[in-house]
Amino acid sequence: MGLLLGLNLLSCQEKKAYKERNTSKESNDIQQANSVLVDVITFRSGDGWGYTVNVNGKRYLYQATIPAVGGNKAFSSADKARKTGQLAAYKVKVQHTDPTISIEELDSLGVLD
């Protein structure tokens with residue numbers, strides 16, 4: 001009986017240590033994500049607007065035309081370029097994914113003319 005109680009206590013201690021290690025790792029991941037500076041800058045592009053996404057002050061993405069749309073059409077306003085750039089920045093900083101923008105996302109942002 002004493003052996004079973006001792007093994008159960010040891011198992012509980014191991015679970016607690018495992019949980020503490022994983023909680024600490026999650027906390028580090030969040031702190032690292034929060035320490036990454038991601039910003040969006042709009043610029044004139046031909047007769048319209050484009051955007052850049054910078055990560056920690058370095059250019060990560062340069063988008064002079066509307067992504068996912070055929071041709072070389074720029075955004076019709078700085079606000080539309082900024083909204084799209086902010087979605088790309090969100091994907092980079094929060095989701096840690098490729099900042100690819102789909103036609104459906106552009107439509108939901110209301111940036112297509």
Side-chain angles (χ1 to χ4, degrees):
M1 179 80 165
L3 179 61
L4 289 176
L5 181 62
L7 289 175
N8 190 28
L9 179 61
L10 181 60
S11 176
C12 289
Q13 289 173 342
E14 288 175 357
K15 287 178 185 176
K16 182 179 177 187
Y18 176 80
K19 184 177 180 181
E20 287 173 356
R21 282 193 306 270
N22 284 343
T23 301
S24 176
K25 182 184 180 312
E26 289 172 8
S27 178
N28 276 346
D29 290 347
I30 291 169
Q31 287 174 350
Q32 287 176 353
N34 289 337
S35 68
V36 174
L37 176 63
V38 179
D39 61 337
V40 176
I41 300 170
T42 58
F43 60 88
R44 292 293 294 175
S45 177
D47 60 350
W49 293 86
Y51 63 87
T52 61
V53 174
N54 298 326
V55 177
N56 291 330
K58 294 183 180 179
R59 184 185 295 170
Y60 180 81
L61 175 66
Y62 176 85
Q63 191 67 46
T65 60
I66 302 173
V69 175
N72 291 322
K73 185 176 179 188
F75 290 94
S76 61
S77 72
D79 185 55
K80 291 178 179 183
R82 184 177 301 103
K83 282 182 184 180
T84 307
Q86 287 170 338
L87 175 58
Y90 176 81
K91 288 182 174 190
V92 170
K93 183 172 182 171
V94 178
Q95 295 181 339
H96 305 288
T97 61
D98 184 19
T100 302
I101 306 292
S102 71
I103 195 80
E104 293 82 13
E105 289 170 319
L106 292 170
D107 186 46
S108 71
L109 289 173
V111 299
L112 297 175
D113 293 329

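None of these values were measured; they are calculated from a predicted model. This chain uses plain numbering: 1 for the first residue, then up along the sequence.
With sequence neighbours excluded, the residues that form a side-chain contact (heavy atoms from CB on, under 4.5 Å) with V92 are V55, Y60, P99. Residues forming a salt bridge (Lys or Arg N to Asp or Glu O under 4.0 Å) with D98 (at least two apart in sequence, or on another chain): none. Applying the side-chain contact (heavy atoms from CB on, under 4.5 Å) criterion to N72, with sequence neighbours excluded, gives T65. Partners of Y62 by ring pair (Phe, Tyr, Trp, His ring centres under 6.0 Å), not counting sequence neighbours, listed by chain and number: F43.
Taking each heavy atom of L61 and A88 in turn, the nearest pair found is CD2-CB, 4.1 Å. Closest non-hydrogen pair, A74 versus A64, comes out as CB-O, 3.8 Å.
When each of V94, V53, N56 is paired with V38, the side chain to side chain contact (heavy atoms under 4.5 Å, CB included) condition holds for V53 and for no other.
Counting only residues at least two apart or on different chains, no side-chain hydrogen bond (donor to acceptor under 3.5 Å, both in side chains) pair has a member in residues 43-53.
Note that CG of L87 and CD1 of I101 are 4.0 Å apart. Values are rounded to the nearest 0.5 Å.
Hydrophobic clustering (side-chain heavy atoms under 4.5 Å, transitive across Ile, Leu, Val, Met, Phe, Trp, Tyr) keeps F75 apart from I41.
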Donor-acceptor pairs under 3.5 Å, side chain of residues 105-113 to any protein atom, not counting sequence neighbours: which ones?
from, atom 1, to, atom 2, distance (Å)
E105, OE1, K91, NZ, 3.0
E105, OE1, S102, N, 2.8
E105, OE1, S102, OG, 3.4
E105, OE2, K91, NZ, 2.9
S108, OG, E105, O, 2.9
D113, OD1, S76, OG, 3.2
D113, OD1, K80, NZ, 2.4
D113, OD2, S76, OG, 2.9

